[in-house]
Every structure is written in C-alpha cells, then in structure tokens.
> 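This is the structure, below, for whatever I ask next.
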Amino acid sequence: MPRKILVTSALPYANGPLHFGHIIEAVQTDIWVRLQKMRGNDCLYCCAEDAHGTPIMIRAQQEGIAPETLIARTAEEHRRDYAGFLIGFDQFHSTHSAQSRRFTVELYERLRDAGYIVRRAVRQAYDEQAGMFLPDRYLRGTCPRCKAPDQYGDSCEVCGSTYTPADLIDPLSTVSNSTPVWRDSDHLFFRLGAFEPMLRAYVAGGSLQGAVGAKLAEWFDAGLQDWDISRDAPYFGIEVPDAPGKYFYVWFDAPIGYIGSFEAWRAAHGASFDDYWKSEHATELYHFIGKDISYFHTLFWPAVLHGAGLRRPTAVYAHGFLTINGAKMSKSRGTFITAQRYLERLPPEPLRYYFAAKLGSGIEDIDFSLDDFVARANSDLVGKLVNIASRCAPFIERGGGRLAAALPDPALYQQFASQRERIAQLFETREYSSAIREIMELADRANRYVDQHKPWALAKDPGRAGDVRAIATEGLNLFRVLMSYLAPVLPQMSQAAAAFLGTDFRAWDAVATPLLDAPIAPYKPLATRLDPKAVASLIEPAAAAAAVAAAPDATVGIDDFSKLDLRIARVANAELVEGSDKLLRLTLDLGTEQRTVLSGIRAAYRPEQLTGRLVVMIANLAPRKMRFGVSQGMVLSASGAADGDGIFLLSADAGVRPGMKVS
RNA sequence: GGCUAGGUAGCUCAGCUGGUUAGAGCGUGGCACUCAUAAUGCCGAGGUCGUGGGUUCGAGUCCCACCCUAGCCA
C-alpha cells in the first residue's frame with residue numbers, strides 16, 4: 001500500500017536571489033521526494049514564493065516598481081535556479097495568490113471564531129516622513145547596554161544583547177533617516193499559550209529531532225507568548241477581513257502558502273483536500289526547513305493548524321546552516337554564493353552529490369569547502385563510480401555490444417542488490433551521508449572486482465572472450481545497482497546511465513534482478529571532472545577587489561607619505577581588553593614617551609607573544625576614542641581580504657631601536 | 001548575555017548505551033597494473049580526540065569550568 005505524502009521545503013523570500021542555503025535545503029528535500037517516488041509512494045512536493053512583507057514593499061519602492069512586479073520577476077529567477085539544480089517540484093506557487101489568500105482568511109476566521117484571536121494596542125515606532133510603522137530591523141540606534149552605535153532595533157551585534165526598540169538610544173528610521181515617534185495601534189494576537197498542552201504532547205510525540213525538542217523545551221520554560229499576527233498599512237500582504245487597514249504579518253500567511261500551493265496542485269490534478277489537511281492518518285505531511293525557522297514551524301504552525309481544525313505536520317525536519325570554508329556566508333567576504341553564480345560555472349549534480357555526502361538527520365552546520373568539493377566530486381563520481389562503467393563498457397562493445405546471459409558471480413551481485421532496503425532506510429531517515437558512504441564502499445568493491453579478474457589480460461586470449469564479456473557484464477550490473485541507489489541524488493546522470501544500459505531507474509526494487517542478455521548503447525562519458533579554477537571562482541574576489549578599489553589608482557606624492565610619522569616602538573606591555581574579543585591593549589615605548597594603543601590583532605597574537613617585540617606604529621595618528629578607551633596611534637600589520645587570511649605584524653631588522661623614524 | 005548544537009589525522013567526516021594497539025575517504029610517500037576521464041589495486045606514514053580540572057579499575061565517550069564556530073532569543 002503506497003504511502004500518501006506531502007512534502008514542502010521552506011518558501012524562498014521574494015526579495016533576493018537563491019543562494020547555497022536555499023539550494024542545500026531544496027536538494028535535501030528533492031532527494032527525499034525522489035526516493036519516495038522510486039519506492040512507489042504517492043509523494044507530492046510543493047513549494048511557493050514567500051511574497052509578502054515590509055522588505056518586499058520597501059525594496060519595490062526603492063526600485064520604483066510595483067511589489068507585484070518585483071515578486072513576479074524574483075519568482076521567475078527562483079524557478080529558473082531551482083530548475084537548474086534539478087529540483088522536481090510538483091507545484092511551485094506563491095503566497096500572493098488567490099489560494100493563499102483564501103486559506104489565510106479562512107484559517108484566521110476559524111481561529112477568531114474559536115476565540116484564539118485577541119486584539120490589543122501596541123506601542124511602536126512610527127516614521128512620520130515615510131508614513132509607516134517601523135519593523136525592528138528598520139530602526140537603528142545606540143545599544144542601550146553596551147552603547148555601541150548604529151545597532152538594529154531588536155538586538156546588538158556588538159554585545160549580543162536583545163532588547164525592544166523603545167530601549168534604543170537615539171533611534172533613527174532607516175527608511176527616511178528621520179527620528180521616529182511612538183504611536184499606539186491595535187494589533188491582532190494569536191493566543192499561542194492556549195496551545196501549550198497540545199504542543200507539549202505534540203513535541204513529545206516524536207515529530208521533531210532531539211536538538212529541536214531541546215530548543216523547544218527552552219521556549220516552553222520561558223512561557224509561550226501571544227503572537228502578533230497583524231501589521232498596519234502600508235503593508236504588502238493580505239488584508240485582515242474584519243479590520244480594514246490591517247494586514248496579516250507575513251509569517252502568518254507564509255506557512256499557509258504550503259496549503260495554497262497544494263490547493264493549486266489539487267485543482268489541476270484532483271485529490272482530496274481533507275485527506276491531506278484534515279486527517280493525520282490518511283497522509284503524511286513533512287516540512288523541510290532550516291534550523292533558524294524552527295520556532296515558526298514547530299510552535300506557531302502546528303498551533304495555527306490545530307486551532308483551525310486542520311491536521312498537524314507528521315514531522316518537521318530541520319537542517320543546519322551552510323558555512324563556506326568554515327565560516328558563515330558573507331557578502332563582504334565574497335562567500336555569498338548564489339545559485340545563479342554556481343550554475344553559470346558548474347553542473348548541478350556534483351553539488352547535489354556533495355551536499356548529499358554531507359547531510360545527516362541532525363541540525364549541525366554543513367561546511368562547503370571548495371577544495372573538498374573538488375576532491376570529493378572528482379574522486380567519488382568520476383574516479384570511482386563512473387569509472388566502473390567506463391572500464392567495463394569497452395569489453396562489451398568489442399564483444400558485440402550485448403551483455404552476457406549469466407553473471408559469473410551472482411553472489412556478489414546479490415550482496416550489492418540486497419543493500420537496497422538498508423540504503424533506502426538511510427535516505428528515508430535523512431542519513432544521506434551514511435548512505436553515500438555505503439554506496440561508495442560498494443563502488444570500491446566493484447572496482448576491486450574488475451581489478452582482481454583482469455579482463456584486459458584475458459582479452460589477449462581470443463578463446464576467453466566469453467569470460468571477458470561475463471566479467472564486464474558483472475561490472476556493469478554492479479554499476480547499475482549503484483546508479484539506481486544514486487538516482488535520487490543524480491537524476492540526470494542516472495538517466496544517462498539508464499539510456500546507456502537500456503533500462504530505467506524508475507523503481508527502487510528493479511535491481512533485484514540483474515540485467516542480462518541485453519544490448520547496451522555505446523558508452524559516452526557520464527560525468528567529467530570539475531575544474532578547480534571554476535570552483536575557486538565561486539567565491540567572489542569582490543572583497544579583495546573592493547579593498548584594492550578603495551585605494552584608487554591615483555598615486556600619492558612623497559609629501560603625502562611624509563605626513564605620516566612612522567616610528568619603531570617596543571611593546572612594553574600587552575593585555576587583553578575585557579569585553580572585547582578582537583582588541584589588545586598595547587603599551588608602546590617610543591624611547592621618549594609611552595603610548596596606549598588598542599589594536600584589533602587578538603585573533604592572531606596573544607599578549608605574551610608581543611611583550612618586548614618591536615613593531616611599526618603611526619605616531620601622529622589622531623587619538624581615537626573607542627569603547628574601551630582612547631587609542632593613541634596604530635600598529636602596522638599586513639592582512640588579506642578575508643578574515644581567515646590572518647594578521648601579520650610588521651617588524652624591522654635587528655639593530656633597530658625604539659623611536660627610530662620609518663621612511 | 002541566556003539557550004541549543006558542533007569542535008576527532010593536512011582536508012571532510014564516522015565513532016551506538018564509557019572497555020583491548022581511535023576508524024574511513026581525500027591528500028601525501030612507496031609499489032603494482034594499463035581495461036578505464038593520469039582512472040584502479042596493494043602497502044605505509046599522519047591524531048596527547050578544543051583547553052583545564054573531576055568521577056571511574058578504565059573516558060573521544062559521563063560531570064564541571066573555560067575557549068572557538070554556528071543558530072535562536074518570537
């Protein structure tokens with residue numbers, strides 16, 4: 001009896017391009033869906049554009065276009081990029097659609113009628129120039145805790161504290177750069193707290209990963225707060241039916257977009273709405289998300305569904321964040337890799353493979369290491385996997401292009417084929433990395449088999465042509481099993497392999513019987529090696545280029561240079577600066593005087609390494625008041641464009657004395 | 001700042017409920033082979049398991065503190 005399954009991945013937000021973070025999630029989901037389909041399950045994959053909210057409204061304003069134009073354009077780009085990565089949605093819709101609107105209103109009305117919606121006034125920053133209330137992230141000001149300037153309205157990036165916008169010192173609207181005023185406005189709240197017993201039971205029911213459950217326990221302990229689900233006009237979204245001028249907060253209608261997307265599919269293909277959204281038994285419902293949006297999917301969403309009389313997700317699967325070369329994606333580091341940038345340079349399947357090789361069921365972060373990616377893709381996909389076909393095919397071709405009628409080692413074949421249940425289970429439980437590891441172990445065994453039986457040696461004896469063909473047939477059958485296991489990960493390559501072998505990989509269990517006495521097509525390379533240079537170019541040299549560009553090619557005269565009073569100084573003392581993870585407080589001896597300099601070199605040097613050594617300093621730099629004191633100068637060091645490149649202090653050759661002038 | 005997770009060979013990762021000489025792939029050194037996209041096979045070198053304490057006959061595995069990385073704080 002096939003399972004009926006509805007799967008989603010998180011809706012991409014329609015104000016920017018897809019990047020690697022979107023892609024790893026889509027790939028994770030797509031692999032899972034393809035596996036289900038191969039196993040004969042009735043599995044639907046729905047997704048949509050998340051098209052509402054202030055950022056989209058403002059962005060459209062900035063571009064001087066209608067928000068509808070912006071989201072339509074972005075949706076096209078997103079569709080193109082997902083297709084480029086072979087993401088096989090059954091439906092890709094939008095929250096800005098009749099279906100989403102209908103369900104958003106319907107769910108709201110059901111929640112309201114059931115008494116789960118309350119109304120109360122909220123005091124909020126209002127930008128009189130722009131004529132709008134300001135979300136926290138559109139406010140900047142001085143952190144009330146550490147006094148760091150230019151921080152967001154809800155949290156400080158310097159000290160990490162969180163607060164409310166009202167606490168911010170000297171707040172400014174980033175929309176108009178004016179000082180906001182405070183105004184009251186009625187908002188609608190969803191009474192999340194009413195669902196605490198239900199949610200506790202739901203969480204205990206095994207629908208979530210351990211780490212996510214642990215996080216939820218924290219939220220339960222803190223007490224579930226009512227959730228503000230409305231925003232005042234102007235807002236790009238869905239108007240609240242019984243509160244003109246109020247709109248649903250984008251996070252309220254976004255998950256409902258899952259239902260809207262499904263509905264669009266259902267209208268075209270026919271299915272029971274109730275089976276999918278009323279009953280928790282008729283079908284399974286899974287959401288693949290990033291760990292950052294667990295809160296919305298594991299608390300609000302089940303509560304909203306339950307409160308509106310709909311089913312809750314069977315499970316929510318969160319994955320970790322993608323880091324690039326060990327650090328988080330960053331535009332300034334040039335590691336913000338967009339889907340488009342990748343697709344312009346490289347084929348999608350090696351990346352799908354690499355992601356699969358690193359994804360597990362947990363929420364640990366996944367590192368995309370450029371060097372590792374090249375090594376892994378080339379070695380596994382070309383050196384091991386494709387190599388099996390590539391080395392066996394010529395023997396069949398020379399022997400007439402037809403597989404032998406029997407396998408010389410049926411036991412070995414069965415060892416391979418009998419792994420299918422186990423591999424399927426690993427995919428099913430999202431332990432892709434384990435699945436890939438086991439598949440590659442089999443690939444190693446297949447190569448060893450060919451090595452041990454040396455068909456190239458036997459081929460010298462015309463009398464053993466049958467043996468040669470049998471060995472190659474065995475090898476190609478082992479290859480077929482491996483390609484079948486990898487078909488969810490490598491849809492195109494497996495299709496090409498299927499064409500080569502004259503078969504298909506539509507059914508997971510088809511490898512139970514080997515392929516015998518059948519013609520095969522001439523072998524064409526199924527994958528080519530990645531060019532390390534193309535991979536390296538994924539990272540924009542933007543940061544480095546920007547640094548160079550900042551120093552314009554205009555030359556400086558000797559007069560300009562001589563304005564700098566560069567001196568040799570001895571580090572008399574060096575100590576950590578309490579409260580800062582970047583700075584060291586250096587006491588520098590210039591021979592005639594001592595200076596205190598705060599230097600951001602803590603990442604590269606420990607205080608005890610510095611005491612006593614000679615450095616180069618700018619002695620006539622205007623003193624600068626910093627949070628931790630006044631810095632009277634600057635020590636010179638070399639560094640690359642990226643943080644990871646390190647920091648290297650300049651020093652002079654032996655014999656130099658403190659106070660000597662550098663010129 | 002609080003919380004959640006991660007920190008194991010040059011790189012990317014396995015190591016289940018604590019138990020003999022800590023594993024794999026890649027990379028690296030040597031050998032073999034030449035069917036295959038310099039692909040493959042065999043052999044080897046490489047780790048005080050983030051740091052410091054503690055519990056235990058015994059800890060990568062449990063406890064405490066600290067450091068680093070990522071996320072969340074609605």
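Excluded from the calculations below are hydrogen atoms, water molecules and symmetry mates; all remaining heavy atoms, backbone and side chain alike, are included. Bear in mind the structure is a predicted one, so any value in this text is a computation, not a measurement. Quick note on labels: first sequence line is chain A, next is B, and so on, each numbered from 1.
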> Base, sugar-phosphate or nothing for A/Ala459? Non-hydrogen atoms, less than 4.0 Å.
nothing

> Would you measure the distance from the P atom in B/G23 across to the matching atom in B/C63 and give it in whole Å?
25 Å

> Rounding to the closest angstrom, what is the interatomic distance between B/C67 and B/U51 at atom C1'?
7 Å

> Using 30° and 60° as the class limits, which term best fits the ring planes of A/Tyr342 and A/Phe373: parallel, tilted or perpendicular?
tilted

> If we take the P atom in both B/G6 and B/U61, what is their distance in whole Å?
13 Å

> Over 60° means perpendicular and under 30° means parallel, so tell me whether A/Phe190 and A/Trp227 are parallel, tilted or perpendicular.
perpendicular

> I'd like the C1' distance from B/U55 over to B/A70, given in whole Å.
31 Å

> Check for me whether A/Arg430 meets the cation-pi criterion with A/Phe427, that is, NZ or CZ under 6.0 Å from the six-membered ring centre and within 45 degrees of the ring axis.
no

> Does OP1 or OP2 of B/C13 have a side-chain N or O of A/Lys358 closer than 4.0 Å?
yes

> With ring-ring contact (aromatic ring centres under 6.0 Å, His included) as the test, would you mind laying out the steps for A/Trp251 and A/Phe300 before giving the verdict?
CA-CA 9 Å; A/Trp251 260 116; A/Phe300 292 138; 8.6 Å; no

> OP1 or OP2 of B/A70 less than 4.0 angstrom from a side-chain nitrogen or oxygen of A/Lys291, does that happen here?
no

> Can you tell me, in whole Å, how much space there is between the P of B/G60 and that of B/U48?
13 Å

> Determine the interatomic distance between C1' on B/G29 and the same-named atom on B/G71; round to the nearest Å.
42 Å

> How long is the line joining OH of A/Tyr449 and C1' of B/G41, in whole Å?
16 Å

> Measure the distance from CH2 on A/Trp456 to C1' on B/C33 and round it to the nearest whole Å.
7 Å

> Which whole number of Å gives the distance between the C1' atom of B/G25 and that of B/A14?
10 Å

> A/Tyr353 has an atom OH; how far is it from atom P of B/G25, in whole Å?
13 Å

> For B/G44 and B/A59, measure between their P atoms and round to the nearest Å.
29 Å

> Which part of the nucleic acid does A/Asn387 contact within heavy-atom distance under 4.0 Å: base, sugar-phosphate only, or nothing?
base

> For A/Trp219, report the nucleic acid contact type (base, sugar-phosphate, nothing); a contact means any heavy atom under 4.0 Å.
sugar-phosphate

> A/Phe368 has an atom CZ; how far is it from atom P of B/C26, in whole Å?
19 Å

> Whom does B/U4 pair with, Watson-Crick or G-U wobble, provided both distances fall under 3.5 Å?
B/A70

> Find the partner of B/U21: check Watson-Crick (N1-N3 plus N6-O4 or O6-N4) and G-U wobble (N1-O2, O6-N3) distances, both under 3.5 Å, and reply none if neither fits.
none

> RNA chain B: A/Lys524 or A/Tyr354, which has the more 5' nearest nucleotide?
A/Tyr354

> Is A/Tyr249 touching bases, backbone alone, or none of the nucleic acid, heavy atoms closer than 4.0 Å?
nothing

> How is A/Asn378 classified with respect to the nucleic acid when contacts are heavy atoms under 4.0 Å: base, sugar-phosphate, or nothing?
nothing

> Counting any heavy atom closer than 4.0 Å, what does A/Gln225 reach on the DNA or RNA strands: base, sugar-phosphate only, or nothing?
base

> Give a yes-or-no answer on whether the side chains of A/Asp409 and A/Tyr449 include a donor-acceptor pair shorter than 3.5 Å.
no

> Under 4.0 angstrom, heavy atoms only, what part of the nucleic acid is A/Gly223 near: base, sugar-phosphate, or nothing?
base

> Could you check which nucleotide pairs with B/C35 in any of the strands shown, counting Watson-Crick or G-U wobble with both distances under 3.5 Å?
none

> Within this structure, what is the CZ-to-C1' distance between A/Phe20 and B/A70, rounded to whole angstrom?
18 Å

> Over all strands shown, is A/Leu526 touching base, sugar-phosphate only, or nothing at heavy-atom distances under 4.0 angstrom?
base

> Of A/Pro394 and A/Asn447, whose nearest nucleotide on RNA chain B comes first from the 5' end?
A/Pro394

> Please state whether the phosphate of B/C42, meaning OP1 or OP2, lies under 4.0 angstrom from any side-chain nitrogen or oxygen of A/Arg448.
yes

> Decide whether A/Asp365 and A/Thr323 meet the rule of one side-chain donor and one side-chain acceptor closer than 3.5 Å.
no

> In the structure shown, which nucleotide is the Watson-Crick or G-U wobble counterpart of B/C42, with both distances under 3.5 Å?
B/G30

> Before accepting this row, confirm whether a basic side-chain N of the pair A/Lys384/A/Asp444 lies closer than 4.0 Å to the acidic partner's carboxylate O.
yes

